[in-house]
Visitor: 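Sending over a structure as structure tokens; questions will come in a sec.
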Amino acid sequence: VNVPNVAANTQYVFNTVTRAWSKFTGWNAHCFAVFKDQLYFGVNNQVNQAFTGYRDNADLNGLNGVLYQAEAQQAFNYFEQPGVKKHFKMVRVTATSEVTPTMMMGVNADFDFGITPTPMSSAALNASLWGTAVWNAAQWSRESGTVKRWHTTYAVGYAASLTLVINVTGKINWASSDWIIEGGGPL
């Protein structure tokens, strides 16, 4: 659903798998169309193809432009002790990725949604693209690798939720989250 506005247009999208609504940001699209199973949108006398590559407003070769930014928040969890206050000391995200992503994490406690981490740019692996590299001279790229990052947190509460922000330059799969928690007494 595209909602036109003088300042900036807003798109609300429906996920047919999870049956949940979400909002796209950063697309000042005036109209949308599907042609040969590809999504296109119009912006100020210009037609853009959506969902190609990992950058918005990129050149035809996929360079320049703005990195995609993904933000996700896990459901709040009492960690099997709903009546016990806890100090959430550290959290580790494990992911598989085609690139070395830069992830920023934040922990919200007790259903407070005030923590939103700020992302930094992502660095690509030193590897070659298939079909463009010089044979026997280019470095082989890996299909994917595992990324494990610990993050110190100072959240205190009964329940916690992890917020993760990533600048996306390649495919990434969030596999798990591990926590170090110090339990207190019931209050």
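Keep in mind that the numbers below use all heavy atoms, side chains included, and drop hydrogens, waters and symmetry copies. In what follows, residues are counted from 1 in the order of the sequence shown.
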Visitor: Could you check Leu164, Asp178, Ile181, Val107 and say which one makes a side-chain contact (heavy atoms from CB on, under 4.5 Å) with Val91?
Guide: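 Filter result, single survivor: Val107.
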Visitor: Is the shortest side-chain heavy-atom distance between Val93 and Leu162 below 4.5 Å?
Guide: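 Yes - at least one pair of side-chain heavy atoms lies under 4.5 Å apart.
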Visitor: With rounding to the nearest 0.5 angstrom, report the OH to CD distance, Tyr40 to Gln49.
Guide: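 It is 4.0 Å, given to the nearest 0.5 Å.
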Visitor: How many angstroms lie between atom CE of Met105 and atom CH2 of Trp150, to the nearest 0.5 angstrom?
Guide: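 Spacing of CE (Met105) from CH2 (Trp150) equals 10.0 Å.
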Visitor: Does any N or O in the side chain of Lys86 come within less than 3.5 Å of the main-chain N or O of Gln81, such that one atom is a donor and the other an acceptor?
Guide: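 Side chain of Lys86 to backbone of Gln81: a pair is present.
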Visitor: Assign the ring pair Phe76 / Phe113 to parallel, tilted or perpendicular, where the plane angle (0 to 90°) is split at 30° and 60°.
Guide: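 Perpendicular: the ring planes of Phe76 and Phe113 meet at over 60°.
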Visitor: Without swapping roles, check the side chain of Lys148 against the backbone of Thr146 for a donor-acceptor pair under 3.5 Å.
Guide: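 No: the side chain of Lys148 does not pair with the backbone of Thr146.
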Visitor: Between NE2 of His87 and OH of Tyr154, what distance do you get to the nearest 0.5 Å?
Guide: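 One gets 8.0 Å once the value is rounded to the nearest 0.5 Å.
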Visitor: Rounded at 0.5 Å granularity, tell me how far NZ in Lys89 sits from OG1 in Thr153.
Guide: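 The distance works out to 11.5 Å.
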Visitor: Set out, in order, the CA-CA distance, both residues' side-chain angles and the distance that settles side chain to side chain contact (heavy atoms under 4.5 Å, CB included) for Phe32 and Gln11, then state yes or no.
Guide: CA-CA 10 Å; Phe32 287 84; Gln11 293 77 39; 3.5 Å; yes
Visitor: Considering non-hydrogen atoms only, spot the tightest contact between Ala29 and Val43 and give its length.
Guide: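 Closest heavy-atom pair between Ala29 and Val43: CA-CG2, 3.9 Å.
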Visitor: Give me the atom names and distance for the closest heavy-atom approach of Gly83 to Tyr158.
Guide: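 Heavy atoms only, the tightest pair is O-CE2, 3.8 Å.
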Visitor: For the residue pair Thr163 and Asn108, confirm or rule out a side-chain donor-acceptor distance under 3.5 Å.
Guide: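 Yes, side-chain donor-acceptor contact under 3.5 Å.
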Visitor: Does the Asp110 side chain pair with the main chain of Ala159, one donor and one acceptor, at a distance under 3.5 Å?
Guide: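 The answer is yes, because a donor-acceptor pair under 3.5 Å joins these two groups.
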Visitor: With a 4.5 Å cut-off on side-chain heavy atoms, are Met103 and Trp174 touching?
Guide: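 No - every pair of side-chain heavy atoms lies 4.5 Å or more apart.
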Visitor: Please find the pair of heavy atoms, one from Ala155 and one from Ala109, that lie closest to each other, and give the distance.
Guide: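 Where Ala155 meets Ala109 most closely, the heavy atoms are CB-CB, 4.2 Å.
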Visitor: Taking C-beta and beyond as the side chain, do Arg19 and Phe14 meet within less than 4.5 Å on heavy atoms?
Guide: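 SC-SC contact between Arg19 and Phe14 confirmed.
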Visitor: Please check: side-chain N/O of Asn15 versus main-chain N/O of Val17, any donor-acceptor pairing under 3.5 Å?
Guide: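 Yes, the answer is positive, given that a donor and an acceptor are paired below the 3.5 Å cut-off.
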Visitor: Got a second to check how far His151's NE2 is from Phe88's CZ, nearest 0.5 Å?
Guide: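 These two atoms lie 14.0 Å from each other.
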Visitor: Do Asn77 and Trp179 come within less than 4.5 Å of each other through their side chains, counting heavy atoms only?
Guide: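 Side-chain contact under 4.5 Å: no.
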Visitor: When hydrophobic residues are tied together by side-chain contacts of less than 4.5 Å, even through go-betweens, does Phe35 share a cluster with Phe41?
Guide: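 No, Phe35 does not connect to Phe41 through the hydrophobic network.
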Visitor: Work out which heavy atom in Gly184 is nearest to a heavy atom in Val84; give both atom names and the distance.
Guide: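 Scanning both residues, the minimum pair turns out to be O-CG1, 2.9 Å.
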Visitor: Going from CD on Glu182 to CE on Met90, what distance comes out if it is rounded to the nearest 0.5 angstrom?
Guide: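 Those atoms lie 13.5 Å apart.
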